[in-house]
Amino acid sequence: MEYNFREVEKQWQQYWAKNKTFRADGDASKPKYYVLDMFPYPSGAGLHVGHPLGYIASDIVARYKRLNGFNVLHPMGFDSFGLPAEQYAIQTGQHPKKTTEINISRYREQMDKIGFSFDWDREVRTSDPSYYKWTQWIFIQIYQSWYNLKTNKAEPVSSLLAMFETDGNGAVRAASEETKIFTAGEWKQFSESEKQSLLMNYRLAYLSEAWVNWCPALGTVLANDEVKEGVSERGGYPVERKRMPQWSMRITAYAERLLNDLEALDWSESMKESQRNWIGKSTGTSLKFEVQNPKAEIEVFTTRPDTIFGVSFLTLAPEHELVEKITTPDQKKAVDEYVAFAKNRSERERQADVKKISGQFTGAYAIHPFTGKQIPIWIGDYVLAGYGTGAVMAVPAHDSRDYAFAKHFKLPIPQVVSGGDISEESYDAKEGKLINSGFLDGLDVKEGIRRAIEEIEKKNLGKGKTNYRLRDAAFGRQRYWGEPIPVYYKDGIPYTLEEKDLPLVLPEIDSFLPTESGEPPLGRAKDWKYKGQYSYETTTMPGWAGSSWYYLRYMDAHNDQAFASPEAMDYWKNVDLYIGGSEHATGHLLYVRFWTKFLKDRGFVKVEEPAQKLINQGMIQGTSCFVYRLDAINTFLSAGLADAFLSKPKNEGITILKQLLASNNITGSEIEAFEKNPTLSKLHADVNIVTNNELDTEKFRAWREEFKNAKFILEDGKYICAGEVEKMSKSKHNVVSPDLVCEQFGADCLRLYEMFLGPLEQSKPWNTNGITGVSGFIRKLWKLYHDASFKFIVSDEPASKAELKSLHRSIKKVQDDMERYSFNTSVSNFMICVNELTELKCNKRQVLEPLAILVSPYAPHICEELWKLLGHSTSITFARFPVYEEKHTVETAFNYPVSLNGKTKFFIELDLSLSKESIEKEVLAQEQTQKILDGKAPKKIIVVPNKIVNIVI
RNA sequence: GCCUGGGUGGUGGAAUGGUAGACACGAGGGACUUAAAAUCCCUUGGCUUCACGGCUGUACGGGUUCGAGUCCCGUCCCGGGUACCA
């Protein structure tokens, strides 16, 4: 009978699950290969066809590597803590744990239908106490560490304490905000609370008063990467700046390493560039400006110290601590007003009118360190409190923002770099000679920067400095559904739990809202105290905590003595191939690198980077379908007819439509109704009732009550929909679920088709139009082994040259494609092979067996079935991936193109195993060649191995 | 602005500097069939020719090369990311 994918696929999926076929085996003699997907957050909407794209690719690689003799680790899990479950809980009262479990089982069911070769025995869930125990444990290690700039790595706090006890902190070089110098003697005199608060400045996880992104609607703090364009990434709510006590991770200590180590990674250039930009290294110098009345010093950071003589004012951020001090009495009112105005503006407002210039003069003046001139001090919200020193030296002639500010407030714009016209805009380029610049005159910019820093350092006005845009990462979240931070407070001092007290389990609470006093939801937990008396930290960890080390847990998922055993980690090392979306460039992928480096420093892991190779799969967009409705009479126009109407002037269009309606049996009264209200609306139709742009009108009528009595005006007997590419989403009715595709065409078809759609990395719209081609391929493959009455047949006769040629060509191509991760061309190559073999009516075992293996990573179900029919014991590991022999055993001779002066003239039969020279000779000896040369001697003969022979006359 | 990836038929897309458009969809034609579905075969970048064939062609303009979609220089578009970062 014809291939029945429904039955076959189900059987194999059950077989694989029952036999745990894909368990990463313990055979340490095999080379390892770790292929990982970014694990999903199990949302309530389930998977659409876009989600499995990356999983299919990784699964193909996993199966391919197994066939090549690798011990493959290919796990899957769930990033199951997160905001949506909690929001849903607030709305419905359903416990997030429950909804999360429901969502996970739905995801699991959907994934199982696609036939992935995940090792489910290693599944991890970040919300599982046995997992987050170790997330908490790692937090404690980070808390108990400091960053030693001398050894350039994290060390336990004990080593720091030892230094304090013997020498104080004078000689300590640490990533820290601590500026107070103390001696060993002083240290010993400090009280416990003083000691702890000093130490806090060194810890890699620390509690401090900090500016945070506060999202009132979500009631929580967000990290910088969770804020996009001034609103929260989840939900799109406004975010404001707020100062509050806050747990943070000192990721800035790792800025340089995170930046430098990017180079050796096999990631896309754009991905690396995103991280570089996010880290935002810039080198320049700090520089102090003196204020005389009252006495104060303003420190600025600049990358252009060469333009120091072009400074015509200073600008401070409105939040700058000196603002209040230096403002003169007569400016006080105006400054206060401005500061209040700036503070009340949300980040979004502030960013939205970047073009609008605002600022206020403080009345104070600073002294130019080289010219001694008085420089007015302004405040302006184009200066950010969080970057550099929160103050800039304004060089309007050579910085576009300073320029705009100066023009607006009519401040002087002295030019100090020649080569640009500054009458209309600033000249920002780092090219030209310095002018009007005292000791810098005549130098070019590069040289000027060097000289200026030299002079600044000599005069002790500042020093060369590197600045990073990267901020420490906010770690506490004022919400429920996350890992509790394993910290309790004694006399107001935070202490971490001991390992034996872990996990600190998330307590049950009766409501997921903040408490009346504004405390996070965990403040509601009753009797939740350490040793019955000390209160716990009530914020929880952010979403990125659990995902920053999960790749390690898969290596040894059930270990309750350690997050993973050293043996397991020694064997699996790190991820060989990581597949996931590019949207994680500045979030997850930075944090997971950070934690890996930390764990390496402290000796818990041996690798410096989590993933050597990264592929970002593109997004699959939806193709929305639109129908056009004449609202007055509930009549739908096929797209072509609607176009004809819409492209005409209104009156003319109505006339055309009236005729059209009349000729389509629409009654006169209805035509009148239409004339009164001639509106044509464009509505989304469910893509699942549209095939090749043709709407199934019966299903459409049944889809919605309001369309029950709809009338349709067709073109060529069909109702055609208009198509448009949009993001796949429920509200646009363009969601295609993988379940449906599996049901209709089979999992193998879905897998092949998703790969066939185009290069993995590219974003592309889902379009089922071409799926019949792939579906046909599967049927053809089946039919290779079956005769006209669908009886299984295979011949033990030796294969013909042509058959072997087709097979070997495909093996070579597919191998090459796999090495390049070019999955789409692989599918094409399968199709060519099957087409050729079909034409040759090949049913030779010698060809069909390797073919089944070759195709199996892509279409595992049908291949397993065929392999079984071929009489072999059934297992996905088959034998080995068929290896193509480089020797020209099959195609020793074939038509070789010969071109004359770059133009292809003819083909000749050549033996490819010959050397270049012999090929040249043979070409010349050919009758055809002599005819073309016509007695002349060729100037040059170029032989391109395997490609072409070129004769130049 | 900066960074990054692109620009190839009606469409999705193939081409380690070597026969551009593989493979698939769509379209057109044909076979089988009472008919439909399914299946199979042929044609399908453009221009030109009755035909064999010829010319032209990978956003545009130059260059390197025996040979360029591919490499180099310049220009124009499109997608993605990102920014008052001093």
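Just so it is clear: chains get the letters A, B, ... in the order the sequence lines come, proteins before strands, and each one is counted from 1.
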Give A:F756 one of three labels, base, sugar-phosphate or nothing, depending on what nucleic acid heavy atoms sit under 4.0 Å from its own.
-> base
Heavy atoms from C-beta onward define the side chain here; which of [options] lies closest to that of [X]?
X: A:D399; options: B:rG81, B:rA22, B:rA86; answer: B:rA86
X: A:R401; options: B:rC84, B:rU4, B:rC3; answer: B:rC84
X: A:E269; options: B:rU4, B:rC84, B:rC3; answer: B:rU4
X: A:N824; options: B:rA86, B:rG13, B:rU4; answer: B:rG13
X: A:R469; options: B:rA14, B:rA83, B:rC23; answer: B:rA83

Interatomic distance where [atom1] belongs to [X] and [atom2] belongs to [N] [whole Å]:
X: A:N835; N: B:rC23; atom1: CG; atom2: C1'; result: 9 Å
X: A:Q762; N: B:rG6; atom1: CD; atom2: C1'; result: 8 Å
X: A:H320; N: B:rA86; atom1: NE2; atom2: P; result: 17 Å
X: A:L384; N: B:rU82; atom1: CG; atom2: P; result: 17 Å
X: A:Y468; N: B:rC85; atom1: OH; atom2: C1'; result: 14 Å
X: A:I449; N: B:rA86; atom1: CD1; atom2: P; result: 12 Å
X: A:Y753; N: B:rG13; atom1: OH; atom2: P; result: 10 Å
X: A:W378; N: B:rC84; atom1: CH2; atom2: P; result: 23 Å

Carboxylate-amine/guanidinium proximity below 4.0 Å for A:K813 and A:D817 | no
Give a yes or no on whether a salt bridge exists between A:K272 and A:E263, defined as a side-chain N under 4.0 angstrom from a carboxylate O.
-> no
Taking OP1 and OP2 of B:rG1, is either one under 4.0 Å from a side-chain nitrogen or oxygen of A:S400?
-> no
Does A:R820 have a side-chain nitrogen or oxygen under 4.0 Å from the phosphate oxygens OP1 or OP2 of B:rA15?
-> yes
Suppose you measure atom [atom1] in [N] against the same atom in [M]; what distance do you get, rounded to whole Å?
N: B:rA24; M: B:rA14; atom1: C1'; result: 11 Å
N: B:rC66; M: B:rU19; atom1: C1'; result: 16 Å
N: B:rC52; M: B:rG67; atom1: C1'; result: 27 Å
N: B:rC3; M: B:rC73; atom1: P; result: 14 Å
N: B:rG21; M: B:rU58; atom1: P; result: 14 Å
N: B:rC23; M: B:rA35; atom1: C1'; result: 34 Å
N: B:rC84; M: B:rG45; atom1: C1'; result: 49 Å
N: B:rG61; M: B:rU49; atom1: P; result: 27 Å

I would like to know whether A:E425 and A:K407 meet salt bridge (charged side-chain N to carboxylate O under 4.0 Å, His left out); could you show each step before the answer?
-> CA-CA 10 Å; A:E425 54 180 9; A:K407 275 263 156 145; over 6 Å; no
Every protein N/O lying under 3.5 Å from an N/O of nucleotides 38-42 of chain B:
unit_1, atom_1, unit_2, atom_2, d
B:rU39, OP1, A:R779, NH2, 2.9

Ring geometry between A:Y858 and A:F830 (parallel below 30°, tilted from 30 to 60°, perpendicular above 60°) | perpendicular
Syn/anti label of B:rG79 as read from its glycosidic torsion, with the cut at 90° from 0 | anti
Ignoring hydrogens and angles, tell me if any N or O in the side chain of A:H398 forms a donor-acceptor pair with the backbone of A:T307 under 3.5 Å.
-> no
So, do A:F313 and A:F405 have ring centers that fall under 6.0 Å from each other?
-> yes
Secondary structure of RNA chain B in dot-bracket form (Watson-Crick or G-U wobble, distances below 3.5 Å, | marking inter-strand pairs) = (((((((..(((.....[....)))((((((.......))))))((((....))))..(((((..]....))))))))))))....
Which residue lies more 5' along RNA chain B, comparing A:V827 with A:K764 via nearest heavy atoms | A:K764
